[in-house]
Protein chains: 2
Amino acid sequence: MRMHNPPHPGEIIKTLCLEPLGLTVTQAAAALGVSRKTLSAILNGRAGVSPEMAVRLSIAFGTSSESWLNQQTQYDLWHAERRRKQLRVAKLAPA
Amino acid sequence: MRMHNPPHPGEIIKTLCLEPLGLTVTQAAAALGVSRKTLSAILNGRAGVSPEMAVRLSIAFGTSSESWLNQQTQYDLWHAERRRKQLRVAKLAPA
DNA sequence: GACGAGTGTAACCTAGAACGTTACGGGTCA
DNA sequence: TGACCCGTAACGTTCTAGGTTACACTCGTC
């Protein structure tokens, strides 16, 4: 179980991909084949990395699509876990 | 890169959780706190495992929510990768 | 054969995410 | 001032997750 808030994948894209290459949001969006708005939303944490976007990132930046999507999964899961106590679920097979 | 079609998480829930415990879909849905329709859709591959559902499964069956959601991620990614060739994306940082 | 349980699923709803285009206002800098 | 980049608001479409209700099917069992 992770203790701290995992960073949104958008931050990682910005700091590890765009900034080192000196890319603007407009340039990167064009390269990825999505609108500037779509990329902007991801970079600012207002949208998630979809499976298709993960593949796009892997093509553009040469990393694995799995790693991109896993980052999003961890981020989503961390927020879902915060509401674990609010879920009314019966234990069927106690550990 | 996975070669073969990964199984949908619904199949795993059915064969590894419901059947060993002799649970009906109706019983399991009630325990999970979702409608019978919702669980049925997941079991038959017509819906995915959401982050919240992954937490529900982890409570009911004592496994980690991460493992449930990762299975869904791998499934989604496999299908997204099949369309990799159709995406028009420029390579920005060739490996 | 009749009946109830379990199941799949169709029809309807809401909410939200992921896309798109267009357009506007605020920076920064030559 | 003008050019460029950025965030974002407003509008749209499409898809997914979730709900309720209702129907038809397949089983056992009585």
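Below, chains carry the letters A, B, ... as their sequence lines are ordered, and counting in each starts from 1.
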Q. B:N44 and B:K14: side chain to side chain contact (heavy atoms under 4.5 Å, CB included), yes or no, with the steps?
A. CA-CA 9 Å; B:N44 292 283; B:K14 189 184 299 184; 4.2 Å; yes
Working for side chain to side chain contact (heavy atoms under 4.5 Å, CB included), residues B:L87 and A:E52
CA-CA 9 Å; B:L87 301 178; A:E52 182 184 299; 4.0 Å; yes
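A donor and an acceptor atom, one from each side chain of B:T73 and A:T73, are located under 3.5 Å apart. No side-chain N or O of A:Q74 forms a donor-acceptor pair with one of A:N70 less than 3.5 Å apart. The closest side-chain donor-acceptor pair between B:W68 and B:T63 falls under 3.5 angstrom.
Between B:R46 atom CZ and C:dG8 atom P there is a gap of 8 Å when expressed in whole angstrom units. Taking atom CG of A:L32 as the reference point, atom C1' of C:dA18 lies 15 Å away to the nearest angstrom. Atom CZ in B:R83 sits about 12 Å away from atom P in C:dC19, given to the nearest Å.
Of the inter-residue distances, the one linking B:S65 atom OG with A:L77 atom CG reads 4.0 Å to the nearest 0.5 angstrom.
With hydrogens and angles disregarded, no donor-acceptor distance shorter than 3.5 Å links the side chain of B:S40 to the backbone of B:K37. At least one donor-acceptor pair under 3.5 Å links the side chain of B:Q72 to the backbone N or O of B:V49.
More than 12 heavy-atom neighbours from other residues, nucleotides or ligands sit within 6.0 angstrom of CZ on A:R46.
Across the helix from C:dG1-D:dC30 to C:dA30-D:dT1, the helix axis at one end is tilted relative to the axis at the other end by 20° (nearest 10 degrees, each axis from five pairs).
Phosphate proximity of D:dT8 to A:S40: absent, as no side-chain N or O sits under 4.0 Å from OP1 or OP2.
Of the residues in residues 8-24 of chain B, those placing a heavy atom less than 4.0 Å from an atom of DNA chain C are B:T24, in numerical order.
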Below 3.5 Å is the cut-off: list the nitrogen or oxygen pairs between protein and nucleotides 18-20 of chain D, distance only.
{"from": "D:dG18", "atom 1": "OP1", "to": "B:S50", "atom 2": "OG", "distance (Å)": "3.0"}
{"from": "D:dG19", "atom 1": "OP1", "to": "B:S35", "atom 2": "N", "distance (Å)": "3.1"}
{"from": "D:dG19", "atom 1": "OP2", "to": "B:S35", "atom 2": "N", "distance (Å)": "3.1"}
{"from": "D:dG19", "atom 1": "OP2", "to": "B:S35", "atom 2": "OG", "distance (Å)": "2.8"}
{"from": "D:dG19", "atom 1": "OP2", "to": "B:T38", "atom 2": "OG1", "distance (Å)": "2.1"}
{"from": "D:dG19", "atom 1": "O6", "to": "B:K37", "atom 2": "NZ", "distance (Å)": "2.2"}

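Between B:E81 and B:R84 a salt bridge is recorded (basic side-chain N to carboxylate O distance below 4.0 Å).
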